[in-house]
Amino acid sequence: MLLKPKCQNGLITKCIFINNEWHVSVSGKVFPVYNPATGEQICEVQEADKADVDKAVQAARLAFSLGSVWRRMDASERGKLLAKLADLVERDSVYLATIESLNSGKPFLPTLFVDLQGTIKTLRYFAGYADKIHGTSIPMDGEYLTFTRYEPIGVCGQIIPWNFPLMMAAWKLAPALACGNTVVLKPSEETPLTCLYVAALVKEAGFPPGVVNILPGFGPTAGAAIASHMGIDKVAFTGSTEVGKLIQEAAGRSNLKRVTLEMGGKNPNIIFADADLDLAVEQAHQGVFFNAGQCCTAGSRIYVEEPIYDEFVRRSVERAKRRIVGSPFDPTTEQGPQISREHQNRVLEYIQSGIQEGAKLECGGKALGLKGFFIEPTVFSDVRDDMRIAKEEIFGPVQQIMKFKTVEEAIERANNSDYGLTAAVFTTDINKAMTVSTAMQAGTVWVNCFNALSTQCPFGGYKMSGNGRELGESGLKEYLEIKTITMKTVTKNS
Amino acid sequence: VLQSASGSPGTFSGAGGEGCVHVTYLLETYFVLFINNQWQDAESGKTFPTINPATGEVICQVAEADENDVNKAVKAASDAFRLGSPWRRMDASHRGLLLNRLADAIERDAAYLAELETLDNGKPYAVAYSVDLPNVVKCLRYYAGWADKWEGKTIPIDGDYFCYTRHEPVGVCGQIIPWNFPLLMQAWKLGPALATGNTVVMKVAEQTPLTALYVASLIKEVGFPEGVVNILPGMGPTAGAAIARHMDVDKVAFTGSTEVGHLIQQASGSSNLKRVTLELGGKSPNIVLSDANMEDAVEQSHFALFFNQGQCCCAGSRTYVQADIYDEFVERSVERAKRRVVGDPFDMKTEQGPQVDQEQFNKILGYISSGKREGAKLMCGGGVAADRGYFIQPTVFGDVQDNMTIAREEIFGPVMQIFKFKTLEEVLTRANDSKYGLAAAVFTKDIDKANYVSSGLRAGTVWINCYDVFGAQAPFGGYKASGVGRELGQYGLENYTEVKTVFTCCLHEAPSDVITR
C-alpha cells in the first residue's frame, strides 16, 4: 500500500480516501483526534471541507456512470466484495477494536465482541442480499409486458456519529454497496480512525476506485456540503435530532435528495410488578448505562409499577454503585469515558438540572477522575415527566426512574414524547406484553430484554427519532430507485 | 490406480497423453457411506463398481447402500432435526456461514474435484473446471445468503389476534440426484435444504458417486453437525425406492427421468404423503426465426443440443427452423457437428467426451437406428466414435417429422433433430405439443416476435437469443411431465419450507381508544 509518509503512522491512517487513493485536504487543514480516556491527542487527521467533498462526489459520480466497472458488475460479485471486506475486518478485528477503544473510549472487550461482531455480521448479511433484490413482473391492464427494475439511487452521502464508529460505518456502507450505489461517507470528527482503516480494507478487498470515498471532517463544513450538494442523490444521517432537521432542510433547499435519518431517543422502559425483577433491574441498568449512556436506544425513562418501585430503585442504585468505571483497556472495566470534554460538561449540566428541578439524586452525579472525561454512574428517582432529565436526551450515564399505577397511564406517558426510537416492557404476562408492545410508538420494542439488535431486523424511529429504517430487508429499500418498464406487446396471454 | 476402499482413503492418477492434464493426487477420498459425519460400509457389505466411461475400466468399488442403510441414515437425520438439537438451535445466519465455508472448501479443492468429476462422468475436464465447479460454488454462496433472510409475515387478520407466520424447515429431506452434473446437482439440492434448516439423506447416482462423497468430507470439515447431511451411494430400485417410501422422510426431491419421477410420486402417495418435487426430462424446442443472426443461432443451437454429450434435461433437442433459412441452417449445423472434437476428456482440446455408461450408449444408438428406420435424413455421424469407452459421433438428423420417435422421446445423447416450419402460430403449437415442458428458446431480432413466443411457450425456462443460461438466482423447473416445483432462486426455498401460522389471542388490558391495532 503506497501512502505518502504523512498519511500513515503504524496502523493509523490520517488522510482523506478518494478514488482508492489517499489525499491531503485541499485547504491544507488538519484537525486533532483525541483519546477520551486521557484527554491526550492521538494524532492529526486531514480535514475535508467543501472542496474535498466536490472531489469525492466527482469520483463517486464517475464510478457510477453507465457502463462503469461498478455498474456492469454482476450483483453476486458485489456481494462477493462485501463478503471479502467482512473477512478482512475479521482478520484485523483486534487492531480495529484497539483503535476503536483508543479513539472512542469504549471498553476494549465489548468492542471486540459486540461492535466488531456486529460490523462483520452486517457486512456479511448485506453481502448475501446483493443478488436477491428482486423487481417484479406485473399483470398490467392492456397489451403490455411490464416489469420493475430495482436500481441503485446513485451517489449516496453518508454521515455517521461517534458512538459506534465502526458499526455505523458498516450499517451505512453495506446496504448502499449491496444495492450498487457509490458512497461519500463522512465519519464523525471525534472518531475518524477506524473508518479510515476500513477504507484501506475496501481497497484491499477489490472495490473499484470511486465506489467508496471517506472524508474525515466537521459537520458544519463537510457534512453540510454533503447535505446540500447538487451532485449527491441521497443522504443518510445518524446523529442528533437537531442536526437531522438541518439535513432535511438542506436537502429541500438543494436538489430534493432522498433523506433517511436515525436520530435521538428518550426511550421508555416499562417494568410491571409481575416482571422477573432480577432480570428487569439488570436489563434496565445495561439499557441506560451501556456505552457510557451514549446510545440512541438508551432506556432513559424507566417506568416502574408502584408495588415494586421501592425495591426496584434500591436494587438499581446498588447495581449502579457496583458499575466499574475505568480505563477502556482494563478487562474489568464496564464503563469508559464520555467522548469529549464538551459532552461531559453537557451531561453534568443535565445532572444539575435534575437536582434543581427536584429529582432525588440516589447515587453518582459528579465527574470522575482527573484525566479524561469520566462521569459517575448516576441514578435519579422520583422523576417527574416534566423535568428536563425526563424529556431531553442526556446521552450519558444517568438513569431516570419514575413510578406508575395503571397500564393505560404507562402507555400514555411512554408515548408522550417527540421521540419514538425504542421501547421496552418487562412482564411475564402475555396479554400485558402484547398490549403494551403494540401500543408503543417506537420503531423497536423489546419484551423482557433490551438492546437486542441484529442485522436481520429493521431499526429506526417513529416521529422525530427518524425517517426510514436500517438493517433487514427494509434497509435495502432506502438505497433503491424503482423503475417501471412497460413494453408494448402484440398479443397478451395470461 | 484406485484401490477398492473399505473405510480407507483412495488415490488416483489422471489420464496421460499429449496436451492432457497429467496429475497424480493424494487427497483422502472415502468410497463408503457417509452417515452422522462418519464413514461406514453398507450393512450388507455389498459394493458396486464405478466406471471410467472414457475407457470402460473400473475406477474403484463403492459401498452399496440399501434399505437398512437408508433406515440408519434417516434415523441420523431425524435425530439431527429433533427439537433442541444443535442444528435446530443454531442461528440462521450461522447456517449461512457454514454453507459459505463449504463453498470456500470446494473452491479450494476445485481442481481435484473437477478431475474426479471428469474421471467418473466423462465430461471434458476444461468444462468441469470452468463451468461445473464455479457454478457449484456460486449456488452454495447464493443459498448461504438466504439463510437468515427467509422471513415470515405478520398479518392483519380480523379480530383481536396477533397473527404471524413462521417459515420452518420441512424436516428430513430425501434427495435423489442424477449422474449428468453430479456436483452441481448436489449443490442445487443441498443449498436450499440446508439454508432453510432441514436435514438431508441424499442418494447419489450409481454411475457417479465419487465427487459427492468427497464433498461429504468437506461438509464434516467445515463443521456441519452430525446427521445434518447423510450421503448414500446406491441403486435407484433399492436405496432410492427406500427413501421415496420411507415413513420418516418428510420430503423427497428427485432429479432424473420422467419414468422414475412417476414412481417417486406414487411412492409418496402410498406411504406418508411426503412432499414431492421433481425435475425430470425434456424435449425442449429451440425455435429459429428467419430474421435471427444465422451464425449465432447455428452455434447456440449446436451448443444447446451437444453440451455435456447431449446429456442435459433441458437440451434443445427439437430445433425448429423457419423455412426460408432451413437449408442454410442445416448445412451450417452439419458442418459444425462434423467439426466437434470428440476425445479423451482430459485433453484440453476435447469438446465432447463419452456417454456416461453402457446402458446410455446402447439406448442412444437405438434411437439413431429408429431415426433412420422411420425416415429421418441422417446428415452426419450416426455411429460409434471410438473402439473403447462409450463415445458416439455427433449426429444430425434433418427433415424430422413431429411423429417420429426421435422427435418425441428424450434421447439424452449427441443427436440433433432439425425440423422445418412456416409460421409463428404453427411452430408455437408444434413446440407445445409434447408431454414435456422444461425449457425452450427462440432466436429472433424482432421484439414483438420474441415476446409473443416467450409468453406462449409452455416451458419453465425460455431463452431468447441464448441457450443454457443459468444463474443460482433464477428459478428452474418444468411444466407438465418435466417436473413439479422450481429449484434455484428465492422460489427454490419454498419447497423446503413448512409455513406455520400462529394466532395469539390479545386480551387488551386497557380501553381500546388507547390501543392502536
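Below, each value reflects all heavy atoms present in this structure, side chains not excepted, and no hydrogens, waters or symmetry copies. Chain A is the first sequence line, chain B the second, and so forth, proteins listed ahead of strands; every chain is numbered from 1.
Taking chain B as the reference chain and counting heavy-atom pairs below 4.5 Å, the highest number among V436(A), N493(A), D131(A), V490(A) is found for D131(A). Of the listed residues (Q456(A), K488(A), K132(A), Q441(A)), the greatest number of heavy-atom pairs within a distance under 4.5 Å of chain B belongs to K132(A). With chain B as partner, the option from H134(A), K121(A), E473(A) having the largest number of non-hydrogen pairs under 4.5 angstrom is H134(A). Counting heavy-atom pairs closer than 4.5 Å to chain A, the top-ranked of the candidates D148(B), D448(B), N100(B), T504(B) is D148(B). Considering only heavy-atom pairs separated by less than 4.5 Å from chain A, the leading option among W146(B), F162(B), Y143(B) is W146(B). Contact count against chain A (heavy-atom pairs under 4.5 Å) is highest for Q490(B) among K138(B), Q490(B), R141(B).
For the side chain to side chain contact (heavy atoms under 4.5 Å, CB included) test with F421(B), the passing option among V427(B), T429(B), V288(B) is V427(B); the others fail.
Residues F404(A) and F272(A) bring their aromatic ring centres within 6.0 Å. Aromatic pair F426(A)/W446(A): centroids not less than 6.0 angstrom apart.
Between R124(A) and D87(A) there is a salt bridge, with a side-chain nitrogen of the basic residue lying less than 4.0 Å from a carboxylate oxygen of the acidic one. Under 4.0 Å is where a charged nitrogen must lie from a carboxylate oxygen, and between K172(A) and E470(A) at least one such pair does. Using a 4.0 Å cut-off between charged nitrogen and carboxylate oxygen, K84(A) and E204(A) do not count as a salt-bridge pair.
Neither the backbone nor the side chain of K492(A) comes within contact range of chain B; no heavy atoms are under 4.5 Å apart.
Two residues are said to be in side-chain contact when any heavy atoms from C-beta on lie closer than 4.5 Å; P458(A) and L471(A) fail this criterion. Inter-residue side-chain proximity for L424(B) and L289(B) is flagged as met; some heavy-atom pair is nearer than 4.5 Å.
Within residues 450-470 of chain B, the residues approaching chain A closer than 4.5 Å by heavy atoms are, in numerical order, N451(B), Y452(B).
In this structure, a donor-acceptor pair under 3.5 Å is present between the side chains of T497(B) and W150(B).
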